[in-house]
Amino acid sequence: MNANYWEEEIEVISREKLQELQLQRFRKTIERASNSPYYKQLFKEHGITSDSIQTLDDIRKLPFTTKAQMRETYPFGLVAGDMKDAVRLHSSSGTTGNPTVIVHSQHDLDSWANLVARCLYMVGLRSTDVFQNSSGYGMFTGGLGFQYGAERLGALTVPAAAGNSKRQIKFITDFGTTALHAIPSYAIRLAEVFQEEGIDPRDTKLTTLVVGAEPHTDEQRKKIEQMLGVKAYNSFGMSEMNGPGVAFECKEQNGMHFWEDCFYVEIIDPDTEKPVPVGEIGELVLTTLDREMMPLIRYRTRDLTRIIPGECPCGRTHVRIDRIKGRSDDMFIIKGVNIFPMQVEKILVQFPELGSNYLITLTTHDYQDEMIVEVELSDLSSDNYIQLENLRKEITRQLRDEILITPKVKLVKKGSLPQSEGKAVRVKDLRQQ
Ligand code: DLL
């Protein structure tokens with residue numbers, strides 16, 4: 001094995017060969033997808049077969065797949081393989097209505113683990129490393145995704161799971177952890193706990209951090225690197241495309257290589273749905289190229305980014321995408337959890353004591369993200385302090401059950417929140433971006 005690459009023949013493949021491989025895999029994907037109830041019907045309506053795709057540009061003949069369609073076909077309408085070959089199911093962290101479900105065969109899990117191993121190898125991890133995963137396990141793909149990828153690499157893998165910072169630090173110290181996976185907001189929290197405990201992270205063996213699953217700036221990355229004395233690499237992925245291991249920074253730390261042998265990347269204008277020129281920001285649209293059980297075609301991720309033009313000095317030929325710049329829908333991510341304002345609204349409308357105007361404010365306090373939900377009271381509310389406090393606690397509890405994090409709820413007088421004339425502005429993001 002070449003010391004620089006996990007799979008040299010794929011990572012530095014010529015663009016021409018890569019495109020040949022993509023075309024071949026794309027046609028196979030269409031064949032497979034046509035076994036799913038959803039795509040079978042769709043292809044019939046549009047008269048599509050694998051022969052419709054002669055060049056990669058022909059991909060544009062195909063309609064997009066959206067999150068809404070994934071929900072409508074819940075749970076198995078997009079499954080193209082035989083369910084007896086299904087070995088794992090994940091669902092997305094957003095919980096509006098039906099969750100989006102992804103079903104994997106053993107081939108899919110092997111392909112995913114291989115991609116994560118490729119990413120970790122790219123930033124210098126080897127079988128001698130100790131990899132600690134502070135991600136939530138369970139449905140969230142950051143847990144099992146990194147677990148299997150790091151095991152595939154042969155690293156000693158510590159499934160520490162989320163939270164309990166003192167225990168994380170004890171593991172780092174006692175087990176000689178060299179690499180840690182954390183969402184960026186948690187990495188900063190952990191650095192603070194290091195300080196509180198009087199332990200200098202530079203005295204541990206920790207040298208590499210893998211950060212992702214939520215938007216963060218280069219400044220935040222530098223802060224993490226400086227506080228923990230590590231190199232931090234950005235990692236992008238989503239449940240619909242496996243999870244982590246979709247795009248990852250190399251040692252250059254200048255954009256994330258997108259594994260184009262497994263995903264076909266398009267960047268479109270979210271309004272016109274036409275491709276944007278290379279280098280311009282648009283919405284990322286992805287097609288799986290190596291998925292057996294549940295291929296997804298032209299999936300609208302709603303993530304806004306751009307392709308970084310030019311070649312990467314590391315030699316890898318797979319395109320690089322820039323940091324995620326935002327979303328083309330109203331989803332926001334806080335503490336690694338994806339939330340839609342509708343989820344908050346759904347809870348608030350159930351309380352007759354509340355009016356219909358509310359505002360979600362996202363702020364940063366001591367490097368920790370905070371979510372504040374201000375909601376106006378209705379005429380039906382009491383002005384008894386104890387009753388109001390009980391109401392506030394009940395709203396907080398129900399919101400926590402729905403969105404999995406605990407917001408700060410503030411009940412405010414009717415008419416005191418800004419009234420917008422057009423589309424209501426429900427989210428104010430004041431975080432340091
Ligand atoms: O967040 C998968 C993942 C786990 C990626 C661990 C990286 C590390 P979901 O919960 O489905 O999956 O959320 C996917 O998170 O569409 C983006 O909006 C956002 N996101 C993921 N990675 C990044 C990143 C996982 N590096 C959604 N920067 C995506 C900014 C990110 N946003």
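Everything quoted here is computed from the prediction, not taken from an experiment.
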Student: Any salt bridge between Lys222 and Glu219, counting N to O under 4.0 Å?
Tutor: no
Student: Please check if any side-chain donor atom of Glu376 sits under 3.5 Å from a side-chain acceptor atom of Tyr358, or the reverse.
Tutor: no
Student: Does a donor on one side chain sit under 3.5 Å from an acceptor on the other, for Thr177 and Gln132?
Tutor: yes
Student: Determine the minimum heavy-atom distance between Gly255 and Ile308, stating which atoms define it.
Tutor: CA-CD1, 3.5 Å
Student: Which atom names give the shortest non-hydrogen contact between Gln350 and Lys346, and what distance separates them?
Tutor: NE2-O, 3.2 Å
Student: Do the ring centers of His107 and Trp112 come within less than 6.0 Å of each other?
Tutor: no
Student: Report, as yes or no, whether the 6.0 Å neighbourhood of atom NZ on Lys61 holds more than 12 heavy atoms from other residues, nucleotides or ligands.
Tutor: yes
Student: Ignoring hydrogens and geometry, is there a side-chain-to-backbone donor-acceptor pair from Arg221 to Lys231 under 3.5 Å?
Tutor: no
Student: If every non-hydrogen atom of Gly355 is compared with every non-hydrogen atom of Val375, which pair is closest and at what distance?
Tutor: O-CG2, 4.4 Å
Student: Side chains of Thr157 and Glu151: donor-acceptor distance under 3.5 Å anywhere?
Tutor: no
Student: Between Val210 and Ser235, what is the shortest heavy-atom contact and its length?
Tutor: CG1-CB, 3.8 Å
Student: In this structure, which one of Thr217, Thr305, Asp218 forms a side-chain hydrogen bond (donor to acceptor under 3.5 Å, both in side chains) with Arg323?
Tutor: Asp218
Student: Please tell me whether Phe258 and His318 form a close aromatic pair, meaning their ring centres lie under 6.0 Å apart.
Tutor: no
Student: Under a plain distance cut-off of 3.5 Å, with no hydrogens placed, do Glu225 and Gln220 share a side-chain donor-acceptor pair?
Tutor: no
Student: Strictly under 6.0 Å, is that where the ring centroids of Phe146 and Phe131 end up?
Tutor: yes
Student: Closer than 4.0 angstrom, basic N to acidic O: yes or no for Glu283 and Arg302?
Tutor: yes
Student: Whether the Tyr137 and Gln147 side chains hold a donor-acceptor pair (N or O, under 3.5 Å, no angle test) is what I'd like checked.
Tutor: yes
Student: Quick one: are Phe140 and Ser239 in side-chain contact, heavy atoms under 4.5 Å?
Tutor: no
Student: Checking side-chain polar atoms at under 3.5 Å, does Gln22 have a donor or acceptor matched by the opposite partner on Tyr264?
Tutor: no
Student: Side chains of Thr178 and Asp129: any donor to acceptor distance under 3.5 Å?
Tutor: yes
